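Reckoned from all heavy atoms, side chains included, excluding hydrogens, waters and symmetry mates. The shown structure was predicted, so the numbers you read here are calculated from the model rather than taken from an experiment. In what follows, every chain begins at residue 1, and chains take the letters A, B, ... in the order their sequences are listed.
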Number of protein chains: 2
Amino acid sequence: MTPEDVAVRTGAPAALRGRRGRGAVDVPDLVARARDGEARAVARLISLVEDASPLLRDVAAALAPHTGHAQVLGLTGAPGVGKSTTTTALVRALRAAGRRVGVLAVDPSSPFSGGALLGDRVRMQDHAGDPGVYIRSMASRGHLGGLAWATPQALRVLDAAGCDVVLVETVGVGQSELEIAALADTTLVLVAPGMGDGIQAAKAGILEVADLLVVNKADRDGADATVRDLRYAQSLGGRHTAPGAWRPPIVRTVAARDEGVDRVLAEVEAHRRWLSGSGEGARRRAERAAREIEAIALAGLRARIGEVRGSAALAALAGEVVAGGTDPYRAADRLLASL
Amino acid sequence: MTPEDVAVRTGAPAALRGRRGRGAVDVPDLVARARDGEARAVARLISLVEDASPLLRDVAAALAPHTGHAQVLGLTGAPGVGKSTTTTALVRALRAAGRRVGVLAVDPSSPFSGGALLGDRVRMQDHAGDPGVYIRSMASRGHLGGLAWATPQALRVLDAAGCDVVLVETVGVGQSELEIAALADTTLVLVAPGMGDGIQAAKAGILEVADLLVVNKADRDGADATVRDLRYAQSLGGRHTAPGAWRPPIVRTVAARDEGVDRVLAEVEAHRRWLSGSGEGARRRAERAAREIEAIALAGLRARIGEVRGSAALAALAGEVVAGGTDPYRAADRLLASL
């Protein structure tokens, strides 16, 4: 294993990864190697996607036939609730069950994103030599809408590379919890006692996106009150009160000691069965694909707007309009067709 | 002549014009009648253009072979400098010279735009029975970027209808003087004494767009100081100081008594010859056409962005992506092609 592999596995920022080769890229070969579990090939594919490389389309086309297998779990919650500790515990449990796992850390404060506490970093290093785990930070970029743009493509890479489960970790502030809910099959919202999280979460709409509520640090004072707050907030209504709807269970964990983690995975499995039986799973995946297509189409249109301005084709067409040979509408049609 | 014709000639708002027919429109016939000088046909064509009618493209195509003849004069200046009085005097002088004249009043405070002082309205009524004058307010609309969108199309209508000169009057505040300069072959900037206009105009950049500076109300105290201020501002530099450049002459007028108006027209003619000899006229017309094409192309792209969202084609393509039959990039290409 090269130093680059280790750095990539532990989510070091791009600048620390050393120079990537800039020679010709054999995309089908890269995809084949990623599917064989070669971490460096996976890293290279995600970088091509993140950097909006000219090969982006080749990569997407090569991945497509191999996608649709991975189960996507979203993890979100306020800073300090223990998202990365929970992620670490989930990875350990999933690996014990023989499953291949990918982690995409979109939270800029996550230890996987370079803002590391040494303890967490070392803990994740447990997995550094394990070819069944791939960990990647998506936080050092953030161009073109960040999560909305690059993360779905990175998910496709991990899916095609044979991950059974991909965990997407993002901080639960602002819009990101809505974005993660759009990406994930199952969204886990983490809260912790003594942060007033139950009612705050209800106010922030975070309960609306939760498929599973995890009260972490449940050995602390106030855990009962937090669970009670969440139950009360659920009783006030929401999408889970519709007939046949999934009612998000509330699970207590102490992720730092692996307590409750198996119960979380059991509820995730129950949710997976509900998604499958109710048709909601297919609906979510279709909506996710529709969002991706829409984002790409809109970016393409915006790029064309940039090309319109000051193009040589525009100058030539203007000359025709001045001469009366065509009108501005037909000229505009031809301009757009030429781009 | 019907009451509708008179109302249209004097620029009454659309609501006062009475119902326009909503039946089938024969665009080539309308254009033929406009070219025969029928005011009602001209009015109908401009309305089709202003309303962004589905026939807009047919109208533009039918007009194109007949355009490129009219000389476009822009008139701009702060409120109160006498723009409409000057317009009236210019129309009178141009008619006396046997020229067909169109007026597009884009200034919302213009008497031609419905914000009329009775005296001015009556004065323009001098021309109401004259088939060689067409007056139209563009101010009651203002959708889709206002001047930038509808005025160039209305100019094409008047050009195709055989106007030798089209006066475009707009208030000189904000961006409109830049827009009028982009539209016009020759831009007249009006100032008046005692308004501190010379220096103010220099500060506002209005001198940069002027091909001709008109000091109106030149019988008032302070006219000499205003001319001196303008000369001083010109001496500070600008595009007119380049070798071979046109140096904007300063003309004194008392438009309410028709004084100095022939001198203005003589300078406009001198500028026309300079435009022709220097190539600047062709450059301005090409730039005007390029701006029109660009505005239409951008509006078309923005409309497609609206169509992308929530379309049935998007849902179908999302299903294909979920099934692994295509990737989001190829799907986005097909989505855009289908719109």
Side-chain angles (χ1 to χ4, degrees), chain A residues 56-69 152-153 156 159-160 282 284-302 304-305 308-311 313-336 339, chain B residues 56-69 152-153 156 159-160 282 284-302 304-305 308-311 313-336 339:
Chain A
L56 194 58
R57 288 167 169 272
D58 296 339
V59 171
L63 294 174
H66 310 297
T67 56
H69 167 72
Q153 313 303 325
R156 296 183 160 275
D159 188 358
R284 286 193 187 185
R285 288 186 170 227
E287 187 173 313
R288 188 195 307 172
R291 278 181 174 235
E292 267 190 88
I293 298 167
E294 182 185 311
I296 293 163
L298 295 186
L301 287 174
R302 289 201 192 92
R304 284 197 204 174
I305 287 176
V308 164
R309 300 193 180 277
S311 70
L314 175 58
L317 288 162
E320 275 194 59
V321 169
V322 169
T326 190
D327 67 81
Y329 289 87
R330 284 183 293 184
D333 290 342
R334 285 167 55 196
L335 180 63
L336 292 176
L339 295 176
Chain B
L56 194 58
R57 287 165 169 274
D58 296 339
V59 171
L63 294 174
H66 310 296
T67 56
H69 168 72
Q153 312 305 324
R156 294 181 164 277
D159 188 356
R284 286 193 187 186
R285 289 188 168 225
E287 188 173 312
R288 188 195 306 172
R291 279 182 174 234
E292 267 190 86
I293 298 167
E294 181 184 312
I296 294 163
L298 295 185
L301 287 174
R302 287 198 194 95
R304 283 197 205 175
I305 287 176
V308 165
R309 300 194 179 277
S311 70
L314 175 57
L317 288 163
E320 275 194 61
V321 168
V322 169
T326 190
D327 67 81
Y329 289 87
R330 283 183 294 184
D333 290 342
R334 285 167 54 197
L335 179 64
L336 292 176
L339 296 176

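Looking at heavy atoms from C-beta onward, B:Asp159 lies out of side-chain contact with B:His66 at the 4.5 angstrom threshold. Between A:Glu292 and B:Tyr329 the shortest side-chain heavy-atom distance does not fall below 4.5 Å. Side-chain atoms of B:Arg284 and B:Arg288, non-hydrogen and from C-beta on, never get closer than 4.5 Å to each other. For the pair B:Ile293 and A:Val321, the minimum side-chain heavy-atom distance is below 4.5 Å.
Atoms CG and CD, from A:Asp327 and B:Gln153 in turn, are 8.5 Å apart once rounded to the nearest 0.5 Å.
Proximity to chain B (any heavy atom under 4.5 Å) is shown, for A:Ser311, by neither the backbone nor the side chain. With a 4.5 angstrom heavy-atom cutoff, B:Arg156 touches chain A only via side-chain atoms. For A:Ala61, the parts sitting under 4.5 Å from any heavy atom of chain B are the backbone and the side chain alike. Using a 4.5 Å cut-off between heavy atoms, A:Leu335 touches chain B through its side chain atoms alone. A:Arg334 does not touch chain B: none of its heavy atoms, backbone or side chain, sits under 4.5 Å away.
Ranked by heavy-atom pairs shorter than 4.5 Å toward chain A, the options B:Asp333, B:Leu301, B:Val322 are led by B:Leu301. Your options are A:Ala289, A:Ala315, A:Gly319, and the one with the most heavy-atom pairs under 4.5 Å with chain B is A:Ala289. In terms of heavy-atom pairs under 4.5 Å with chain B, the best-connected choice from A:Ala64, A:Ala62, A:Ala323 is A:Ala64. Among the candidates B:Leu317, B:Thr326, B:Leu336, B:Leu63, the residue making the largest number of heavy-atom pairs closer than 4.5 Å to chain A is B:Leu336.
Using modelled atom types, no side-chain atom of B:Arg285 and backbone atom of A:Ala318 make a donor-acceptor pair closer than 3.5 Å.
Taking each heavy atom of B:Ala290 and A:Leu314 in turn, the nearest pair found is O-CD1, 3.5 Å.
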